[in-house]
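Because only heavy atoms are used, hydrogens play no part in the values below, and waters and symmetry mates are left out as well, while side chains stay in. Order of the sequence lines fixes the chain letters, A, B, ..., with proteins taken first and strands second; residue numbering starts at 1 for each chain.
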Amino acid sequence: METPPSSAESRRTVLLFASLRDRAGSPSIEVSLPEGSSVADLRRAITAAAPHLAEGLASSRIAIDQEFREDSDTVSGDGEIAVIPPVSGG
Amino acid sequence: MGDPARILVGLTDEPITGDRLQRETGDPGCGALVTFLGTVRDEHHGRAVERLDYSAYPAMAEREMRKIAEEIVERWEARVVVILHRTGTLGIGEVSVGIGLSFPHRRESFEALRHAIDTFKESVPIWKREHFTDGEAVWVEGS
């Protein structure tokens, strides 16, 4: 049984910082993400939407609602998504 | 006595100085006040630096700074924790980060201070862009 691809997908905004923001030329990008996706799925969706960010993404952590998440975690339906490159404050 | 610890964390575009930190961190019930000031160095791997720009993910940076402060209170029983970080453009010698901790006694203060700055450098989403004297600029990611 095939389900219509659009029914359970939503457009999500992904916040970008530092070199990724420069590379994208924008403070955020939009990705299409099925409901119930994991952080690993999110990473694949970002790479599909913006292949030129793949390299920086690989060394970055993902935060949802301002908390670091693991690849196996689920992306909540309305959480704020951000890609966090290795930090250099201090 | 018995009051909850005082925590002040945040990003600031005003200069951070030792005086400001001492003023914010001072507590009449404490006999030890330790501070750490991180300053802008004039070179990186032998290359001359002219200035730095700091940029942050503000909401998350403040959350992570607060987590560090709460841990310092919980593990080392600090009475006051102040953690401030500059954003924007900083020249050589300016203070980028200031941490001030007050304790009733000095014994625990040094270990707590080291833990605070070490954790800060791993977890707080702030990034620096180095502008070299030759005109090039690069994001520093990781330390």
Side-chain angles (χ1 to χ4, degrees), chain A residues 12-31 33 38-39 42-43 45-47 49-90, chain B residues 9-12 16 36-41 44-45 49 52-68 83-88 90 94-99 113-130 136-143:
Chain A
R12 301 295 297 270
T13 299
V14 177
L15 303 180
L16 302 173
F17 298 94
S19 65
L20 286 173
R21 178 178 286 203
D22 284 0
R23 202 163 303 157
S26 166
S28 65
I29 58 166
E30 302 284 315
V31 300
L33 201 66
S38 66
V39 168
L42 169 66
R43 287 179 179 276
I46 295 169
T47 303
H52 54 296
L53 301 184
E55 193 185 331
L57 178 64
S59 59
S60 297
R61 287 178 280 183
I62 299 291
I64 298 166
D65 282 337
Q66 295 107 42
E67 293 284 345
F68 290 116
R69 307 290 172 164
E70 301 300 326
D71 281 359
S72 56
D73 289 342
T74 300
V75 180
S76 56
D78 55 358
E80 182 175 276
I81 300 169
V83 180
I84 311 291
V87 301
S88 55
Chain B
V9 300
L11 301 170
T12 178
I16 300 168
F36 174 83
L37 300 177
T39 57
V40 177
R41 194 172 43 223
H44 184 83
H45 295 315
V49 171
L52 300 181
D53 286 330
Y54 279 99
S55 118
Y57 177 13
M60 185 171 175
E62 297 201 358
R63 266 172 95 108
E64 290 294 324
M65 288 156 90
R66 182 162 295 277
K67 276 190 208 167
I68 295 168
I83 307 175
L84 300 172
H85 199 289
R86 279 286 295 281
T87 52
L90 276 74
E94 284 197 81
V95 175
S96 53
V97 62
I99 298 178
L113 185 63
R114 172 187 282 269
H115 181 82
I117 185 59
D118 287 352
T119 308
F120 190 109
K121 283 178 162 282
E122 286 170 10
S123 70
V124 180
I126 297 175
W127 299 270
K128 68 179 168 190
R129 186 168 167 79
E130 287 181 329
E136 205 197 337
V138 295
W139 284 107
V140 178
E141 293 181 352
S143 45

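- At a threshold of 4.5 Å between non-hydrogen side-chain atoms, the residues A:P85 and B:W127 count as touching.
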For a side-chain contact (heavy atoms from CB on, under 4.5 Å) check, start with the C-alpha distance between A:F17 and B:M60, then their side-chain angles and the critical distance, and finish with the verdict. CA-CA 12 Å; A:F17 298 94; B:M60 185 171 175; over 6 Å; no

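- With rounding to the nearest 0.5 angstrom, the NZ atom of B:K67 is 3.5 Å from the CD atom of A:E67.
- How far CD1 of A:I84 is from CD of B:E64: 9.0 Å, rounded to the nearest 0.5 Å.
- Put simply, CD on B:E141 and OG on A:S60 are 6.5 Å apart, with the number rounded to the nearest 0.5 Å.
- Interface residue B:A56: only backbone heavy atoms are found under 4.5 Å from chain A.
- Only the backbone of A:D65 comes within contact range of chain B, judged by heavy atoms closer than 4.5 Å.
- Here the shortest heavy-atom pairing between B:S96 and A:G90 reads OG-O, 3.1 Å.
- Remark: side-chain polar atoms of B:H85 are not paired, donor with acceptor, to backbone N or O of A:G89 under 3.5 angstrom.
- One finds the CZ atom of B:R129 at 11.5 Å from the OG atom of A:S88 (value rounded to the nearest 0.5 Å).
- At a 4.5 Å heavy-atom cutoff, the contact between A:R61 and chain B is made by side-chain atoms alone.
- For B:V140, the parts sitting under 4.5 Å from any heavy atom of chain A are the backbone and the side chain alike.
- The CH2 atom of B:W139 lies 12.5 Å from the CZ atom of A:R23; values are rounded to the nearest 0.5 Å.
- Contacts between B:Y57 and chain A at a heavy-atom distance below 4.5 Å involve backbone atoms as well as side-chain atoms.
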